Amino acid sequence: MSYVDEVLQDVIARNPAQPEFHQAVEEVLESLRVVIEKNEAAYRRDALLERLVTPERIIIFRVPWVDDKGQVHVNNGYRVQFNGAIGPYKGGLRFQPDVTLGAIKFLGFEQTFKNSLTGLPMGGGKGGSDFDPKGKSDREVMAFCQSYMTELYRHIGADTDVPAGDKGVGAREVGYLFGQYKRIRNVYEGVLTGKGLSYGGSLARTEATGFGLLYFVEEMLKCNGHDLAGKTAVVSGSGNVATYAMKKLWELGAKPVTCGERTGWVYDPDGIDVDTLIQVKQVRRASLTEYVAQRPNAVYHEGHEKGKDLWSIPCDIALPCATENELFLEDAQVLVANGCIAVAEGANMPTTPDATAYFQSHGVLFAPGKASNAGGVATSGLEMTQNSERVSWTFEEVDAKLKSIMVNIFHNVDDTAREYGMEGNYVFGANVAGFKKVAAAMQAQGIV
Ligand code: NDP
């Protein structure tokens with residue numbers, strides 16, 4: 001059996017009931033097959049793949065907190081320090097009821113390659129909890145965040161592990177987490193990114209993932225003879241990534257016509273009004289039904305159904321920006337039938353493997369999240385630099401650096417795919433380019 005197949009089998013056997021983690025590892029290792037096979041004996045001797053798929057450290061802890069009625073609750077807390085070969089662990093925290101160790105491991109594994117692609121010195125990590133900030137008072141969220149950090153603080157630090165936000169962890173949560181870290185450690189350092197501007201945050205971090213996604217798409221379209229201006233886009237989600245992706249779509253002359261949430265989605269033929277969306281979702285933390293109430297031609301569709309989801313609205317470009325495994329083969333078939341030319345992942349692993357294969361075999365440009373959504377963590381890297389230097393760059397400075405990083409990522413991915421005769425296969429290019437840097441660092445550092 002080949003080394004890649006052996007390791008894949010081993011991952012499934014040793015990490016039972018973690019389907020997202022298996023999926024992420026399989027996708028990466030399949031891409032790496034050609035690279036590994038060229039040097040199989042040496043990689044096998046050094047157990048390089050076993051070390052690559054095994055987190056350096058996993059921390060699991062109890063998070064007790066008290067609600068407004070005096071009732072005590074207990075949630076699970078996680079931090080997975082996946083790979084520190086090229087820099088301090090870096091990756092967000094996700095607070096959502098469906099968070100499991102397997103989900104955090106999948107995200108940490110992906111993060112390792114994504115961070116490598118940014119060109120910045122950041123290792124891969126991810127964390128979170130099955131706590132749901134939705135429907136909780138600010139005091140309850142603060143109580144939870146303080147309890148979470150009361151354990152996490154001993155495992156992180158500006159040069160060790162630098163968490164950030166992810167789903168369910170926005171500016172409010174990062175603020176409470178940072179406050180508690182500072183209080184316990186009595187150190188004022190850039191231990192978290194995504195901080196508020198008044199205490200060490202970076203301009204453009206909020207917008208970075210969505211904006212970066214569009215810088216990547218713009219370059220990918222340009223290099224394939226297309227122009228973003230005048231295009232119609234379907235977008236899923238209505239959180240941080242989706243909102244700023246839509247804002248940048250408008251700025252670049254394209255029109256987003258859908259957005260979504262857990263319970264349903266919206267089609268607005270006039271184009272999604274981003275200011276109204278921000279008011280509804282970020283300020284009032286309400287449902288998209290309130291968005292529809294303010295827009296004359298917008299329609300709310302309850303639920304998500306394969307083949308009939310927001311992907312069924314005719315478009316040129318599809319941007320899944322909500323969650324993992326949200327775009328299925330049935331959706332890919334409808335998108336292709338409707339003439340969609342490009343799909344770029346704003347979320348992490350939103351497209352199922354069979355849907356990805358369908359796009360690739362039907363000539364649709366497909367940008368994998370670990371490349372196209374790397375703008376968020378790249379700008380977190382820029383926030384770390386500003387914190388270390390004790391300076392603050394202007395919005396324009398950060399945005400220009402973000403754009404240049406995203407353009408570089410596209411070309412790195414594109415060139416790597418070409419180098420192996422896989423022109424246009426950006427999944428392959430991203431996995432191989434991300435891997436090469438991490439593998440070289442791991443080999444140089446010996447068996448650790
Ligand atoms: P947010 O929490 O801000 O928004 C998530 C959005 O997705 C919300 O609109 C939410 O709906 C929706 N959603 C969540 N679960 C589901 C589901 N099962 N079905 C349909 N919709 C769902 O998160 P972000 O925008 O920050 O993150 C979105 C994705 O992007 C995630 O995969 C994340 O890992 C990835 N990502 C985020 C980065 C960042 O900088 N924020 C960086 C790189 C990747 P509702 O409003 O109902 O909760």
Side-chain angles (χ1 to χ4, degrees), residues 20 24 90-99 103-104 106-108 110-111 113-115 117-118 124 126-128 132-135 163-174 193-194 202 204-213 216 235-246 258-266 272 277-278 280-282 284-291 300-306 309-311 319-328 331 344-351 367-381 383 402 406:
E20 301 97 339
K90 181 89 198 83
L93 300 174
R94 176 177 290 189
F95 292 170
Q96 200 168 271
D98 60 4
V99 161
I104 299 297
F106 125 63
L107 290 161
E110 288 280 295
Q111 195 82 44
F113 300 91
K114 182 187 307 192
N115 293 1
L117 285 172
T118 65
K126 199 81 189 186
D132 191 356
K134 262 199 163 178
D166 188 77
K167 287 199 292 186
V169 178
R172 174 182 61 173
E173 289 76 14
V174 169
T193 58
S202 173
R205 173 60 187 93
T206 307
E207 295 83 355
T209 308
F211 278 21
L213 174 67
F216 188 99
V235 180
S236 63
S238 51
N240 173 271
V241 180
T243 301
Y244 295 100
M246 290 190 258
T258 64
C259 61
E261 60 187 4
R262 285 183 237 188
T263 46
W265 56 280
V266 167
I272 299 292
L277 187 73
I278 288 175
V280 170
K281 293 298 291 191
Q282 286 181 28
R284 298 213 298 280
R285 296 180 192 269
S287 162
L288 288 173
T289 49
E290 289 201 16
Y291 172 91
Y300 189 85
H301 298 260
E302 287 280 347
H304 297 280
E305 204 183 329
K306 288 180 193 175
D309 207 339
L310 52 86
W311 315 114
L319 304 177
C321 295
T323 190
E324 56 266 20
N325 293 328
E326 56 160 323
L327 197 168
F328 299 92
D331 304 311
E345 296 184 325
N348 286 313
M349 213 169 71
T351 317
K370 64 170 74 66
S372 53
N373 73 28
V377 73
T379 307
S380 278
E383 183 173 329
L402 167 65
M406 296 312 295

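Remember, it's 1-based here, ligands and their atoms both numbered in the order they're listed. Keep in mind that this is a model prediction, so the values were computed, not measured.
Rounding to the nearest 0.5 Å gives a distance of 9.0 Å between OG1 of T379 and CD of E383. Atom CD in E207 sits 10.5 Å away from atom OG1 in T243 (nearest 0.5 Å).
Taking 4.5 Å as the limit, some side-chain heavy atom of R172 sits within range of a side-chain heavy atom of P133.
Taking D166 as the reference, R94, K126, N348 meet the side chain to side chain contact (heavy atoms under 4.5 Å, CB included) condition, with sequence neighbours excluded.
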Checklist entry - Does the side-chain contact (heavy atoms from CB on, under 4.5 Å) test come out yes or no for T193 and S202, once each step is laid out? => result CA-CA 8 Å; T193 58; S202 173; over 6 Å; no
Checklist entry - Can you list the steps and then say if F328 with D309 is a side-chain contact (heavy atoms from CB on, under 4.5 Å)? => result CA-CA 10 Å; F328 299 92; D309 207 339; over 6 Å; no
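Near ligand 1, residues R94, K114, K134, D166, K167, G168, R205, T209, G237, S238, G239, N240, V241, G260, E261, R262, K281, H304, C321, A322, T323, G346, A347, N348, N373 each place a heavy atom inside the 4.0 Å sphere around the ligand atoms.
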